[in-house]
Amino acid sequence: MSRLVKKTPSLCTDLPLDNSDICNKLHLLRQLLRSCFGPTARLKQVHNNIGGHVVTTSTSSVLLPAISSSQPFINLIKTSILNHVSRFSDCGLFAAILCLSLIEQAKQSGLRGNVAIGMNKHLLGLCTNYLQREDCGCKVKLDFCSSQNLITLARSVISSKPACVLTEPEALHISKLAVQAFLLTVPCNSQGIVSLGKIVTVSVEGHAVLNSAVFPGLLVDMHDVFCLNKVDHLHSSPLLSMVLFSVSLAGDLSELGDGVIEVHPGVDIDSQILDQLLELGKQVVRDEVKLFVCQQVIHPVLQQYLRSHGIIVIERLGITLMEPLTQLTGAQPVATMHTTIPAKAYGKVRDLSIRQFGSKTMLHLHPPVESAICSMILCHRNETMLSELKVVCQKTEHVLRLTLREPSALLGGGCSEAHLAAYVRHKSMNEITEAVPALGCSQTEYLLGVEGFCRSLESVAAALEHDGGNALMDLTHAHYWTHRPDVMTENMEESLGFCGCGLVESSPNQKWTYLNTKYPEFSPAALSRDVAVQPHVLDSFTAKLNALQVAVETANLALEVRYLIQDLN
């Protein structure tokens, strides 16, 4: 009988934000995430202290799951941010940094919890209403007649992940490929409900990034190099028939299903199953199938029989390629080997060709008609960079898809955050007499709440600077600027150049203020919409708008937590 141990009482923490240990951990997390923000961010290597894989990244979707914490308060914030990232793929670090800044500013201001929460909700409403207006000064309409803004949006996502280790030409090349692949997944002539296609990514390690490419159709690994010479003889047919099996054709008894199997004495089970497989092969030959694909394993004898009749055989396709293959060819996966294959189960391909990428030999399946399936070959110099690049390209695809729902983008490079902060300050001052009674706070508390919210927005923009430079905002358009710490103030105009998004150029009569400092409130002036001048950095409108809401709501939730109860058993 095992020894009984008395149960340990649960640990209860009252007012967790008054706990110095929790506050120190929140501050440390904020500093860590700030250092990962933007194209010049510092990479993080995360390693479990009991061993395992070393993660090198600055991407929130990779970094946050790799950081483990025993503190429920930290995990609450992590879970909220990761939920946003899982739905929108972008702006995870923006949401996390803003959320932690709002919590820190609320504590430093000394505001009552309910006042801070009410102020955050009120100011969030000002932001969302402004961002959804047609005349919003930091929003750009996307024109799908030109791919320029789409490439800029893709490039902004890709270049903000320094763990990909891309040069400028490489980042531009991958951005163009991402947009090309995205456009290939949008059907042109679909009637009724439009269903987007799929991008299948193939990773090739050890090759130059500029060797990456996109192909319409599907690329499938060829394990059998001996039948490649047969591919060249199949171009004469207008359409090639193919069949797809989702069940294993290895001939194992375990593949026959659940239940009891009765076997008569003297019956050779292996021979019976093999005969059934060969009958399947004979039907395929009679039906003039040219491509035989199986999700799992095919018996060697059946493979040999099929190849002897000029059929190309692909086994171990894997579950991830099943859906795109059925969409591409129109085939219906066959889930049994104990019945004849119905005619409607066969699919078609227009053409087959061989493509070589490093050590990978791929069979290129061309669709019989226009298809929204394409394949992206991603090359990079080593495994770590390639892994990060693959994640980033998947995020970029999702961000581009979000533009179909809302064809807009926000100015990037910190300009949207600085512009929003200036707008909120100006709008709040104009509404102070009406807002103070409605929020049930004093005018002093109202001003403290506005200041904390705006400083939090500005701190996100300032987090883009990692080399000791100064973060500034112009007092005309409220865009974000940086200048090196070694530049004298009198030479500031010459050193600033363009703002973070690239739309505004510095001028001698321009005035600036350092971020997170006091400055007179002003209404940000609208930019002249010169089509010749295009932004160099864009952020996803849908992702950033949701990230703003998630950041404020998570911060409010954290400010509202009264007790933490941990079961230590």
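Partners of Lys176 under the salt bridge (Lys or Arg N to Asp or Glu O under 4.0 Å) rule, at least two apart in sequence or in another chain, do not exist in this structure. Residues meeting the ring-ring contact (aromatic ring centres under 6.0 Å, His included) test with Phe357, sequence neighbours left out: Phe215. Evaluation of the ring-ring contact (aromatic ring centres under 6.0 Å, His included) rule for Phe541 yields no partner, not counting sequence neighbours. With sequence neighbours left out, Ser101 forms a side chain to side chain donor-acceptor pair (under 3.5 Å) with Arg30, Ser459. Not counting sequence neighbours, the partners of Glu168 by the salt bridge (Lys or Arg N to Asp or Glu O under 4.0 Å) test are Arg155. With sequence neighbours excluded, no residue forms a side chain to side chain donor-acceptor pair (under 3.5 Å) with Thr201. Residues satisfying the ring-ring contact (aromatic ring centres under 6.0 Å, His included) criterion with Phe88, sequence neighbours excluded, are His84. Residues satisfying the side chain to side chain donor-acceptor pair (under 3.5 Å) test with His122, not counting sequence neighbours, are none. Listed by chain and number, the residues in a salt bridge (Lys or Arg N to Asp or Glu O under 4.0 Å) with Arg87 amount to none (sequence neighbours excluded). Contacts of Lys121 classified as salt bridge (Lys or Arg N to Asp or Glu O under 4.0 Å), with partners at least two apart in sequence or in another chain: none.
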*For the pair Leu527 and Val504, evaluate side-chain contact (heavy atoms from CB on, under 4.5 Å) and give the outcome as yes or no after the intermediate values.*
CA-CA 8 Å; Leu527 289 166; Val504 183; 3.4 Å; yes
*Trace of the salt bridge (charged side-chain N to carboxylate O under 4.0 Å, His left out) decision for Lys139 with Asp539*: CA-CA 10 Å; Lys139 186 162 73 170; Asp539 293 331; over 6 Å; no
*Going through the distances and angles, do Arg42 and Ser58 end up as a side-chain contact (heavy atoms from CB on, under 4.5 Å)?*
CA-CA 7 Å; Arg42 305 317 190 225; Ser58 66; over 6 Å; no
*Step by step, work out the salt bridge (charged side-chain N to carboxylate O under 4.0 Å, His left out) result for Asp14 and Arg562.*
CA-CA 6 Å; Asp14 185 17; Arg562 168 76 189 198; 3.3 Å; yes
*Given side-chain contact (heavy atoms from CB on, under 4.5 Å), test Lys511 with Asp474 step by step and report yes or no.*
CA-CA 6 Å; Lys511 293 182 179 180; Asp474 70 87; over 6 Å; no
*For side-chain hydrogen bond (donor to acceptor under 3.5 Å, both in side chains), just list the numbers for Glu406 and Ser408, CA-CA rounded to whole Å, side-chain angles, deciding distance to a tenth of an Å, and then say yes or no.*
CA-CA 6 Å; Glu406 172 59 57; Ser408 302; 2.7 Å; yes
*May I have the step-by-step check of salt bridge (charged side-chain N to carboxylate O under 4.0 Å, His left out) for Glu104 and Arg455, ending in yes or no?*
CA-CA 11 Å; Glu104 200 166 283; Arg455 281 179 179 261; over 6 Å; no
*Steps toward side-chain contact (heavy atoms from CB on, under 4.5 Å) verdict (Met473, Trp481)*: CA-CA 6 Å; Met473 180 178 69; Trp481 307 74; 5.5 Å; no
*I would like to know whether Gln45 and Thr56 meet side-chain hydrogen bond (donor to acceptor under 3.5 Å, both in side chains); could you show each step before the answer?*
CA-CA 4 Å; Gln45 283 195 328; Thr56 304; 3.2 Å; yes
*Please report the C-alpha distance between Glu205 and His380 in whole Å, then the side-chain angles of each, then the deciding distance to 0.1 Å, and finally whether the side-chain hydrogen bond (donor to acceptor under 3.5 Å, both in side chains) criterion is met.*
CA-CA 5 Å; Glu205 184 183 343; His380 217 322; over 6 Å; no
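Within the 4.5 Å cutoff, side-chain heavy atoms of Ile74 are placed close to those of Leu29. Contact of the Leu378 side chain with the Ile174 side chain is registered, since non-hydrogen atoms from C-beta on lie closer than 4.5 Å. Val179 is not listed as a side-chain neighbour of Leu153, based on a closest heavy-atom distance of 4.5 Å or more. In this structure, Lys44 and Ser35 have side chains that are in contact, with non-hydrogen atoms separated by less than 4.5 Å. Within the 4.5 Å cutoff, the side chain of Ile377 has no heavy atoms near those of the Ser212 side chain. Side-chain contact between Arg112 and Glu445: present, with at least one pair of heavy atoms (C-beta onward) separated by less than 4.5 Å. Contact check for Tyr480 versus Cys499: no side-chain heavy atoms found under the 4.5 Å cut-off. Side chains of Val140 and Leu538 form a contact here, defined as non-hydrogen atoms less than 4.5 Å apart.
Across every non-hydrogen atom of Asn75 and Ser69, the tightest pair is ND2-O, 3.0 Å. The two atoms that bring Leu400 and Ala178 nearest to each other are CD1-O, 3.8 Å, heavy atoms only. The two residues Cys379 and Leu386 make their nearest non-hydrogen contact at C-CD1, 4.1 Å. Residues Val460 and Phe94 come closest through the heavy atom pair CG1-CD1, 3.5 Å. For the residue pair Ala163 and Thr57, the shortest heavy atom distance occurs at CB-CA, 4.0 Å. The shortest non-hydrogen separation linking Lys161 to Val157 is CG-O, 3.6 Å.
For Ser375 (side chain) and Leu219 (main-chain N/O), a donor-acceptor pair under 3.5 Å exists by modelled atom type. Counting only distance, with no hydrogens or angles, the side chain of His477 and the backbone of Ala525 share a donor-acceptor pair below 3.5 Å. Under the 3.5 Å distance criterion, the side-chain polar atoms of Ser416 are matched with a main-chain donor or acceptor of Leu411. Here the side chain of Tyr446 pairs a donor or acceptor atom with the backbone of Ser428 at under 3.5 angstrom. Here the side chain of Ser86 pairs a donor or acceptor atom with the backbone of Asn83 at under 3.5 angstrom.
To the nearest 0.5 Å, atoms SG (Cys36) and CG (Leu93) are separated by 6.5 Å. One finds the CG atom of Leu548 at 7.0 Å from the CG atom of Leu420 (value rounded to the nearest 0.5 Å). Atom CG of Leu402 and atom OG of Ser540 lie 5.0 Å apart (nearest 0.5 Å). Here Gln31 contributes atom CD and Leu100 contributes atom CG; the two are 10.0 Å apart, rounded to the nearest 0.5 Å.
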Throw together a table of side-chain donor-acceptor distances under 3.5 angstrom for residues 389-396, partners on residues two or more places apart or in other chains.
unit_1: Thr396; atom_1: OG1; unit_2: Val392; atom_2: O; d: 2.8

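Aromatic ring orientation, Tyr423 versus Tyr130: parallel (interplanar angle below 30°, classes split at 30° and 60°).
Cation-pi check for Lys25 over Phe73 is not met; the charged atom does not lie both under 6.0 angstrom from the ring centroid and within 45 degrees of its normal.
Taking the charged nitrogens against the carboxylate oxygens, Lys107 and Asp18 do have a contact shorter than 4.0 Å, which makes a salt bridge.
The salt bridge (charged side-chain N to carboxylate O under 4.0 Å, His left out) analysis of residues 419-440, with sequence neighbours excluded, yields the pairs Arg425-Glu451, Arg425-Glu458, Lys427-Glu431.
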